[in-house]
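Everything on this sheet refers to the single structure shown next.
Note that the numbering runs from 1 along the sequence shown for the chain.
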Amino acid sequence: MADPKGFMTTPRRDWPRRPVEERVRDWDEVYVPGALLPIIDKQADRCMDCGIPFCHDACPLGNLIPEWNDLVSRDDWRAAADRLHATNNFPEFTGRLCPAPCEAGCVLAINQPAVTIKNVEVAIADQAWELGLTPPRPPDRLSGRTVAVIGSGPTGLAAAQQLTRAGHTVAVYEKDDRLGGLMRYGIPEFKMEKRHLERRIEQMRAEGTKFRTSTAVGRDVGAAELRARYDAVVIATGATAWRELPVPGRELAGIQQAMEYLPLANRVCQGDLAESPMSAAGKHVVIVGGGDTGADCLGTAVREGAASVSQLDIYAQPDAERDEDAEPWPTYPRIYRLSAAHEEAGDLGTAPAADADARLFAASTLRFTGDGSGHVRSLHLVEVDAERRPVADSGRTLPADLVLLALGFSGPDRADGLVDQLGLAMDPRGTITRDAGFATNVPGVFAAGDAARGQSLIVWAIAEGRAVAAAVDRHLTGSSRLPAPIGPYDRPMTV
């Protein structure tokens with residue numbers, strides 16, 4: 001503990017964002033380049049070195065947060081990078097994309113702003129790359145066992161890296177033309193520039209992991225054939241079966257799923273397209289869904305030059321402070337948070353109907369209406385109470401040339417035939433069932449990540465990848481020294 005009084009003398013300071021007027025004109029990450037390092041050692045000093053660090057338990061990876069906070073406060077970047085990578089394969093991903101349940105579990109957060117754990121994490125990760133502290137770690141010898149990993153999102157990549165480093169020969173199969181899953185085509189560039197993803201993939205290539213892109217297992221290669229070819233198979237396809245909105249007018253043109261819209265914007269950034277065929281430019285956009293995917297659509301539409309953007313959230317606007325009775329520390333609370341996209345929408349006034357930012361809370365969609373050519377032109381909504389019952393005389397109409405549905409996902413998409421060809425057992429939620437060792441009902445086939453857990457956070461996805469790798473290693477060799485941070489039935493802390 002470098003400064004025993006740091007948490008009393010130093011206020012919280014977050015990584016500053018670039019001015020809204022500047023950042024909405026490009027797709028670069030929203031933060032001021034180089035502005036984190038000058039403040040991060042003092043922020044790490046705020047860590048209390050508490051006797052029972054609940055941040056460990058709030059994070060499914062079990063990140064050694066007090067240890068690397070202390071090392072950062074002492075400018076020991078090498079040791080900090082070692083401790084960080086001991087539990088997390090991809091800290092530059094989580095440092096940018098995770099909502100930081102660790103900070104909700106910070107002991108300091110009982111009565112003060114939490115330690116900026118997420119900022120410290122990303123500072124260590126970026127410094128590790130800058131200082132050459134993340135060389136490839138190929139295995140000393142090969143085991144002679146082979147593993148196929150289906151899906152290259154955070155779960156699949158984490159599992160593949162762990163198994164490759166354990167000495168197994170691993171091939172990752174990805175249905176898209178590029179690797180990364182939703183990190184590639186679902187996460188906008190302004191949240192995480194894809195260069196961070198590319199350098200991790202190159203590290204994995206150098207370690208020996210093989211990649212097969214544009215290959216949908218079940219369609220381009222038979223699932224049974226793949227199972228016969230490898231000693232073990234890990235299914236990490238994610239939960240990509242999106243939820244629908246069955247209301248009148250849903251059939252109108254111009255109503256799209258968020259994951260139809262966001263990949264096209266990412267392809268523009270990748271140079272595949274000059275302009276997105278679903279561009280929001282000049283359109284009145286309404287986003288249905290109040291989660292992170294909806295916020296990603298919001299920031300994307302703002303950058304594309306939408307005439308207006310509104311986001312509907314069926315929940316009531318949360319309070320700015322934690323409700324200690326309903327969501328006591330150290331659980332992750334539902335409080336009012338202002339993401340970069342909401343800050344941009346609020347400053348630019350993209351949603352005249354909203355009070356502070358682009359969100360309309362406690363709002364439920366009733367129906368859509370269109371023009372004579374069958375294209376959507378308006379969305380009709382109603383305010384709802386805590387039980388989602390309509391409030392009398394609260395109906396409103398919003399102009400809508402483009403409607404984006406960001407309602408979440410129910411489980412793996414079965415269109416490719418992977419699930420049915422293998423005969424995998426499914427639970428009532430639509431996810432793949434597995435036992436306490438991540439094994440499915442098909443011998444040698446394991447399931448991990450959102451495909452089995454259901455829609456979750458990136459930090460849980462990486463934890464699942466590390467845990468299933470240990471299970472597969474044990475299946476192949478009889479024992480394993482790989483870490484298994486979680487079990488398949490573990491869940492986040494709740495009341």
Side-chain angles (χ1 to χ4, degrees), residues 1-16 31-110 112-137 158 161-162 165 196 199-200 203 330 458-459 462-463 466 481-483 485:
M1 188 175 184
D3 185 354
K5 297 183 179 180
F7 67 94
M8 294 188 289
T9 60
T10 304
R12 176 178 171 121
R13 289 181 63 189
D14 289 286
W15 191 357
Y31 296 103
V32 177
L36 184 56
L37 277 184
I39 65 172
I40 204 62
D41 59 339
K42 291 298 182 183
Q43 292 304 302
D45 268 344
R46 296 182 70 238
C47 184
M48 301 170 67
D49 193 25
C50 49
I52 301 177
F54 276 79
C55 56
H56 283 194
D57 206 42
C59 173
L61 284 166
N63 281 334
L64 307 172
I65 294 164
E67 294 185 35
W68 38 258
N69 274 330
D70 178 60
L71 292 164
V72 167
S73 72
R74 301 172 189 274
D75 289 327
D76 190 343
W77 294 104
R78 180 179 295 278
D82 287 344
R83 302 313 290 148
L84 179 59
H85 285 94
T87 58
N88 188 350
N89 297 71
F90 314 122
E92 66 272 36
F93 302 169
T94 51
R96 288 173 167 84
L97 304 177
C98 182
C102 53
E103 293 187 15
C106 174
V107 171
L108 186 58
I110 294 175
Q112 291 190 47
V115 174
T116 57
I117 297 171
K118 181 175 172 178
N119 282 181
V120 177
E121 178 183 35
V122 79
I124 299 170
D126 287 352
Q127 278 293 94
W129 283 105
E130 183 70 22
L131 300 175
L133 305 178
T134 53
R137 292 169 46 196
Q161 185 167 63
Q162 292 292 95
R165 289 175 173 179
H196 303 296
R199 64 189 179 188
R200 276 297 177 188
Q203 179 196 49
I458 185 171
V459 69
I462 296 173
R466 291 171 65 86
R481 299 179 64 183
L482 293 177

Q | Test item: R46 side-chain N/O and T116 main-chain N/O as donor-acceptor pair under 3.5 Å | A | no
Q.
Check whether W68 reaches the backbone of A81 with its side chain - one donor and one acceptor, N or O, closer than 3.5 Å.
A.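 No; judged by distance alone, with no hydrogens or angles, the pair does not exist.
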Q | Salt-bridge contact D82-R78 (side-chain N to carboxylate O under 4.0 Å) | A |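 No, this pair does not count.
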Are [X] and [Y] side-chain neighbours, meaning at least one heavy-atom pair lies under 4.5 Å?
X: D49; Y: D70; answer: no
X: Q162; Y: P483; answer: yes
X: P66; Y: C55; answer: yes
X: K118; Y: C102; answer: no
X: W15; Y: V122; answer: yes

(Q) With side chain to side chain donor-acceptor pair (under 3.5 Å) as the rule and sequence neighbours excluded, what pairs involving residues 99-108 come up? (A) R12-E103
Q) Please walk me through it: do D3 and S73 pass side-chain contact (heavy atoms from CB on, under 4.5 Å)? A) CA-CA 8 Å; D3 185 354; S73 72; over 6 Å; no
Exercise: identify the closest heavy-atom pair between [X] and [Y]:
X: V459; Y: L61; value: CG2-CD1, 3.6 Å
X: A114; Y: C106; value: CB-CB, 3.9 Å
X: I65; Y: H56; value: N-NE2, 3.7 Å
X: G105; Y: F54; value: O-CB, 3.1 Å
X: P60; Y: A58; value: CD-O, 3.6 Å
X: V72; Y: A80; value: CG2-CB, 4.0 Å

Counterpart residues, side-chain hydrogen bond (donor to acceptor under 3.5 Å, both in side chains), relative to [X] (two or more places apart):
X: T87; answer: N63
X: R466; answer: N89
X: E121; answer: N88, T94

Which distance, rounded to the nearest 0.5 Å, do you find between the [atom1] of [X] and the [atom2] of [Y]?
X: M8; Y: Q112; atom1: CE; atom2: CD; answer: 9.0 Å
X: D75; Y: I40; atom1: CG; atom2: CD1; answer: 11.5 Å
X: L71; Y: L64; atom1: CG; atom2: CG; answer: 10.0 Å
X: D45; Y: T9; atom1: CG; atom2: OG1; answer: 8.0 Å

Q. Is there any salt bridge (Lys or Arg N to Asp or Glu O under 4.0 Å) pair reaching into residues 89-101, and which pairs are they, with sequence neighbours excluded?
A. E29-R96, E92-R200, R96-D126
Q) Given the rule in the side-chain contact (heavy atoms from CB on, under 4.5 Å) test, do I458 and F93 qualify, once you have shown the distances and angles that lead to the verdict? A) CA-CA 8 Å; I458 185 171; F93 302 169; 3.8 Å; yes
**Q.** Test side chain to side chain contact (heavy atoms under 4.5 Å, CB included) applied to Q43 and T10, D14, V115, I117, the passing residue
**A.** T10
Q: Identify, with sequence neighbours excluded, every residue that meets ring-ring contact (aromatic ring centres under 6.0 Å, His included) alongside W77.
A: none
